[in-house]
Number of protein chains: 2
Amino acid sequence: MVTSTKPPYDVYDANCPARQVLDRLSDKWALLVLDRLRGGPLRFNSLRRSISGVSQKVLSQVLKRLERDGLISRQVFPTVPVSVEYALTSLGGTLTATVELLTHWAETNMAAIEAAQARYDASLALA
Amino acid sequence: MVTSTKPPYDVYDANCPARQVLDRLSDKWALLVLDRLRGGPLRFNSLRRSISGVSQKVLSQVLKRLERDGLISRQVFPTVPVSVEYALTSLGGTLTATVELLTHWAETNMAAIEAAQARYDASLALA
DNA sequence: GACACCTGGTTTCCAATGGAAACCTTGGGC
DNA sequence: GCCCAAGGTTTCCATTGGAAACCAGGTGTC
């Protein structure tokens, strides 16, 4: 069925490394971080403040994973107190366009989603 | 900075409902389910078999959330043993193009990601 | 009638993850 | 000596995830 020029990766196969990537991409904080960095490099705390709700622990974990995946870079400046800048790599840059489409979709279709939820909950209530 | 014609939703604000949507989208199983349904309606067990690694519990939870969000529909057929078909709604259909871009990105850029991981791990090993 | 089997779940149990808050480190300033 | 700031790490507890067992209800089989 899939005999085209596709790469030998199949995200539906649990043993496929592409699934590992999808696991990372499908982390809400990772998506938000990547999108946030589109505007240029950011330091740890300003990144944290700009994404309300993320804890320091989780943010540092997410940043480490993204760095390991080569999607962002981490640069330390020997200022007083040391400052650290995170920036998109070129690989990460190729992702952000797609991520932007996702966040844009979310913002655009919120009203429809909320309406659907209300309908669903109402139908349950009278059941 | 963002003073354009954007809707009054801000995914970076934890209190924004768009974040709830992003939470759902950034669920790896949800992404896989939505993409799988692009080919047409599927029944519970065939969906489960086609996405290796998902448990029954999690799949039914994901399907319930997606149905509540109005992204998929659930139709019961009174066959002998009852069969249940899940299908994309039109709202869900608007998402799948974006989702496809994400999975396609994952499959395309796997090699680069794996190389980055190897580099990262190597640099840690000699530290 | 007792038994096994099908789909489509729910329940149970345990391990892994997430988040809040406290703590640590390095280096000023006062 | 004391406090502060940046960038984390550690601790602790609650929530979530997954494997496997169980359930419902309807059919067929002996």
Side-chain angles (χ1 to χ4, degrees), chain A residues 11-16 19-20 22-33 36-37 41-69 72-87 120 124 127, chain B residues 11-16 19-20 22-33 36-37 41-69 72-87 120 124 127:
Chain A
V11 283
Y12 297 105
D13 176 4
N15 294 8
C16 172
R19 264 283 273 280
Q20 300 175 8
L22 201 59
D23 288 358
R24 262 147 205 74
L25 297 189
S26 58
D27 173 341
K28 74 177 166 186
W29 300 125
L31 290 177
L32 291 170
V33 165
R36 236 337 68 141
L37 290 180
L42 284 176
R43 310 231 319 257
F44 185 87
N45 275 332
S46 60
L47 197 49
R48 185 160 84 94
R49 275 188 294 269
S50 79
I51 302 177
S52 104
V54 68
S55 71
Q56 286 184 310
K57 183 182 77 169
V58 172
L59 180 57
S60 73
Q61 287 173 342
V62 168
L63 290 171
K64 246 181 251 174
R65 265 185 300 187
L66 290 175
E67 190 196 356
R68 185 171 112 93
D69 289 347
I72 65 174
S73 64
R74 179 180 185 274
Q75 192 175 2
V76 180
F77 295 95
T79 54
V80 174
V82 66
S83 54
V84 181
E85 248 184 33
Y86 293 93
Y120 183 93
L124 279 193
Chain B
V11 284
Y12 297 105
D13 176 6
N15 294 9
C16 172
R19 264 283 273 280
Q20 300 174 8
L22 201 59
D23 288 359
R24 262 146 207 75
L25 298 189
S26 57
D27 173 341
K28 74 177 167 186
W29 300 124
L31 291 177
L32 291 170
V33 165
R36 247 314 87 135
L37 290 179
L42 284 176
R43 310 227 323 253
F44 185 86
N45 275 331
S46 61
L47 197 50
R48 185 161 83 93
R49 276 188 293 271
S50 79
I51 301 177
S52 103
V54 68
S55 71
Q56 285 183 311
K57 183 183 78 168
V58 172
L59 180 57
S60 72
Q61 287 173 343
V62 168
L63 290 171
K64 246 182 254 176
R65 266 185 300 186
L66 290 175
E67 189 196 357
R68 186 172 112 93
D69 289 346
I72 65 174
S73 64
R74 178 181 187 274
Q75 193 175 0
V76 180
F77 294 96
T79 53
V80 172
V82 67
S83 54
V84 180
E85 246 184 34
Y86 293 93
Y120 184 92
L124 279 194

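Each chain gets a letter, A, B and so on, in the order its sequence line appears, and its residues count up from 1.
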Drop me the distance from [X]'s [atom1] to [Y]'s [atom2], to the nearest 0.5 angstrom.
X      : Y       : atom1 : atom2 : result
I72(A) : L47(A)  : CD1   : CG    : 8.0 Å
D27(B) : L66(B)  : CG    : CG    : 8.0 Å
K64(A) : L124(B) : NZ    : CG    : 9.5 Å
R43(B) : F77(B)  : CZ    : CZ    : 9.5 Å
L42(A) : L63(A)  : CG    : CG    : 10.5 Å

State whether [X] places a side-chain N or O below 4.0 Å from either non-bridging phosphate oxygen (OP1 or OP2) of [N].
X      : N       : result
Y86(A) : dA6(D)  : no
T79(B) : dT7(C)  : no
R43(A) : dA6(D)  : no
W29(A) : dG19(C) : yes

Among [options], the nucleotide that comes nearest once only the side chain of [X] is considered:
X      : options                   : value
F44(A) : dG18(D), dG7(D), dG27(C)  : dG7(D)
S55(B) : dG18(C), dG18(D), dG19(C) : dG18(D)
Q56(B) : dG17(D), dT7(C), dT10(C)  : dT10(C)
K57(A) : dG8(C), dG19(C), dC13(C)  : dG19(C)
S83(A) : dA21(D), dG27(C), dA6(D)  : dA6(D)
R74(B) : dC6(C), dG9(C), dG7(D)    : dG9(C)

- [ ] Using atom types as modelled and distance alone, determine if a side-chain donor or acceptor of R36(A) lies under 3.5 Å from a backbone N or O of S50(A).
- [x] yes
TODO: Would you confirm whether R48(A), through its side chain, and L59(A), through its main-chain N or O, come within 3.5 Å as a donor-acceptor pair?
DONE: no
Open item on the list: On DNA chain D, compare the nucleotides closest to S46(A) and V82(B); which residue's is nearer the 5' end?
Closed with: S46(A)
Open item on the list: For P81(A) and S60(A), find the nucleotide of DNA chain D closest to each by heavy atoms; which residue's nucleotide sits nearer the 5' end?
Closed with: P81(A)
How long is the line joining [atom1] of [X] and [atom2] of [N], in whole Å?
X      : N       : atom1 : atom2 : value
N45(B) : dT10(C) : CG    : P     : 13 Å
R48(A) : dA5(D)  : CZ    : C1'   : 13 Å
K64(A) : dT17(C) : NZ    : P     : 14 Å
E85(A) : dA6(D)  : CD    : C1'   : 14 Å
L47(B) : dG9(C)  : CG    : P     : 11 Å
L59(A) : dG8(D)  : CG    : C1'   : 10 Å
R65(A) : dG8(D)  : CZ    : P     : 15 Å
K28(B) : dG17(D) : NZ    : P     : 9 Å

Open item on the list: Between the opening five pairs and the closing five pairs of the helix from dG1(C)-dC30(D) to dC30(C)-dG1(D), how far apart are the helix axes, to 10°?
Closed with: 30°
Task: Min side-chain heavy-atom separation L32(B)-V54(B) under 4.5 Å - done: no
Open item on the list: Between V80(A) and Q61(A), which residue's closest nucleotide on DNA chain C lies nearer the 5′ terminus?
Closed with: Q61(A)
